[in-house]
There are 2 protein chains.
Amino acid sequence: MKPDSVFKKAFNRTLQLIEAGDVDIGATSENALRARIGVSRTTVRKVLSELDARGITQASGNGPRAGRPILKSDYFPDLETTSKRQHVEEQFMEWMLRGDTQPGSLINELQLARQFGVATNGVREFLIRFSRFGLIEKKQNSGWLFKGFTEEFALELFEIRVMFELRSAVLFAELPDDSPLWTELAELKTAHQQLLLEIGRRFHDFSRLDNRLHRLINRAAPNRFIDDFYDVITLIFHYHYQWNKKDELQRNEAAIGEHLAYIDALFSGDTHEIERTCLRHMTSARTTLVRSLQGAA
Amino acid sequence: MKPDSVFKKAFNRTLQLIEAGDVDIGATSENALRARIGVSRTTVRKVLSELDARGITQASGNGPRAGRPILKSDYFPDLETTSKRQHVEEQFMEWMLRGDTQPGSLINELQLARQFGVATNGVREFLIRFSRFGLIEKKQNSGWLFKGFTEEFALELFEIRVMFELRSAVLFAELPDDSPLWTELAELKTAHQQLLLEIGRRFHDFSRLDNRLHRLINRAAPNRFIDDFYDVITLIFHYHYQWNKKDELQRNEAAIGEHLAYIDALFSGDTHEIERTCLRHMTSARTTLVRSLQGAA
DNA sequence: AAGTTGTTTTTTATAAGTAATATGCAACCC
DNA sequence: GGGTTGCATATTACTTATAAAAAACAACTT
């Protein structure tokens, strides 16, 4: 059976929109709401009838009207608004990064399925998807080999990352002056400077900026394989730093400085300088990752 | 229900070994045979009892002895010796490369499942696995987008391939003189020369040599992401050239020449020359692929 | 006729079930 | 005691089933 997490998420989202005064249910067509929330009309209708059933809106001859106010308890709990797939991912990453599973050990689909409370199929699909991250490997007619989130992994990851980043940075610098990407880069620069001022209490926000910068640079000359690889990096960093908070403020502060130098180099168009600042940032990011891996082991 | 293709393949393999006089069933332990065929002992035992049931061997007090000779009809048909997974792959690739599915169209799991005669799950697992090849993309809560086996795809693929190959070639040249990889390279050179002499009737064998050469070069400094990427290339070429035979002899003859120049450059250790010959080969391979894609469209 | 809602059909995300295969353990043998 | 076979258990590679969600179609409304 399929869970109704899509519906529940859409329902919560709709409540938010109503509360923010962003939509007037009576005046909005199903299709307009559908486009807004990003689900099918079938789901929108289910949301609307649930709103009605709860008295939040009231159906009448000419469309629904506002009913009772929305309560905090009307929202579905977060847990019910995410798909099983998402749960499996989260639980697996936690299992891998926090558990003490040794590199070289075998992963058992059935066992994970029981542990995560899902059918084996879900675990298997996740593992297939996850296998492209280079951390696990399928053994024919048997389980999966866990290769380990090791220093070696980090080094191989960064070797590729550096190649891709240098390539994209140089291409970025060659963009015509009127490319809209330059504007975006300028905005990002401002955002970095802003964050630096408030670093004390907003240092968590750095990872989002980091992602934006590197993805922006890749957009200079899109290549699907580089994009895919960046997905790997994003996921690894997302989960890894979630469990490695040591020196986060200082690390991020230093990284912002590196980013700013890198951005300036891009604006300057000086290839040599771009390579220098890019490499400096890559090297320090690698050092951070490797160090935290050593700490864990 | 699980198909018994593993058993059937193992059975066929065992028949081969017996016919070739490579194993004497009476004198070989289950475990030895297991290691030889690469399956579990459970499967080996099933093979042995089937041999017995058919009278090919005869169980007696002290182990089985030879019974009747093996007939051609004892072998299971090839179709039954490969997993569903393999079938899905083959059928999908044929569907994609031969069919007239337009780039941008949606792939339907259920429809493919019916067409291929498997459960939807199998198709879905295949598509997840296949998605890393950059030809399809999942749409949340909906089907898969077929991006198309286009010229653009080929160019993006080769951009990465060139980066990786140049990187590995340079590292290969830096290997110490006593590395066993040099011996392997020398052997490959001989194989190339040999093939060139018999090119008229053995030109199909080139693709295997091609694969061996590029994988050998990557082994100088292994990186799992590069290895994975090479899997992409291998699969693409394997299926693509299966349906593009035009000028195959001439193309392969030219490619052997390029390989030989490349190999010599590696032996010379001259970085500049390595880059030149490597690029020449990459460029011509890319041209071949792009041209055949244009022909198809 | 374009946009709306009501209804039916198709497809997806998940679970449950099953024979084949792999794995692990016990008993045997020399 | 290392290697053998016999047997029991666990895991995988599938198939079938089902409610949720998407898509397609039809009827209505301006």
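Each chain gets a letter, A, B and so on, in the order its sequence line appears, and its residues count up from 1.
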Nearest to the [X] side chain among [options], which nucleotide is it?
X	options	answer
A:Arg124	D:dA23, D:dA13, D:dT4	D:dA13
A:Leu110	D:dT12, C:dT12, D:dT15	D:dT12
B:Glu109	C:dT5, C:dA22, C:dT12	C:dT12
B:Thr43	D:dT16, C:dT21, C:dT12	C:dT21
B:Lys2	D:dA19, D:dT11, D:dA13	D:dA13
A:Lys84	D:dA23, C:dT14, D:dT11	C:dT14
B:Thr42	C:dA15, C:dA22, D:dA20	C:dA22
A:Val6	D:dT15, C:dT21, D:dA22	D:dA22
B:Glu30	D:dT15, C:dA13, D:dT5	D:dT5
A:Ser40	D:dA22, C:dA19, C:dT11	D:dA22

Toward the 5' end of DNA chain D, by each residue's nearest nucleotide, A:Pro3 or A:Gly143 = A:Gly143
Want to settle it: does B:Gly117 or B:Ala32 sit nearer the 5' end of DNA chain D, counting the closest nucleotide to each?
-> B:Ala32
Check this one for me: any side-chain N or O of [X] less than 4.0 Å away from OP1 or OP2 of [N]?
X	N	result
A:Arg34	D:dA23	no
A:Lys139	C:dT23	no
A:Ser29	C:dG3	no
B:Arg114	C:dT11	yes
A:Asn31	C:dA2	no
A:Asn108	C:dT23	no
B:Asn121	D:dA13	no

Name the orientation class of the two ring planes belonging to A:Phe11 and A:Phe76 (parallel below 30°, tilted from 30 to 60°, perpendicular beyond 60°).
-> perpendicular
Check the angle between the aromatic planes of B:Phe130 and B:Phe126 and answer parallel, tilted or perpendicular using the 30° and 60° thresholds.
->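 The arrangement is parallel - the two ring planes meet at less than 30°.
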Figure out the [atom1]/[atom2] separation between [X] and [N], and round it to whole Å.
X	N	atom1	atom2	value
A:Arg45	C:dT5	CZ	P	8 Å
B:Leu33	C:dA22	CG	P	13 Å
A:Gln115	D:dA10	CD	P	17 Å
B:Arg41	D:dT4	CZ	C1'	8 Å
A:Phe7	C:dT12	CZ	C1'	18 Å
A:Gln111	D:dT9	CD	P	18 Å
B:Phe126	C:dT12	CZ	C1'	19 Å
A:Leu106	C:dA22	CG	C1'	11 Å

May I ask you to say what A:Ser83 touches in the nucleic acid, namely base, sugar-phosphate or nothing, with a heavy-atom cut-off under 4.0 Å?
-> sugar-phosphate
Would you say the side chain of B:Asn121 lies within less than 4.5 Å of the side chain of A:Asn121, judging by non-hydrogen atoms?
->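 A side-chain contact exists here, since the closest heavy-atom pair is under 4.5 Å.
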Starting from the C-alpha separation in whole Å, work towards a yes-or-no answer on side-chain contact (heavy atoms from CB on, under 4.5 Å) for A:Val123 and A:Trp144.
-> CA-CA 11 Å; A:Val123 170; A:Trp144 297 78; over 6 Å; no
Hey, which of these two, A:Thr82 or A:Ser142, hits DNA chain C nearer its 5' end, going by closest nucleotide?
-> A:Thr82
Salt bridge flag under 4.0 Å for residues [X] and [Y]:
X	Y	answer
B:Arg132	A:Asp228	no
A:Lys46	A:Glu50	no
B:Asp22	B:Arg36	yes

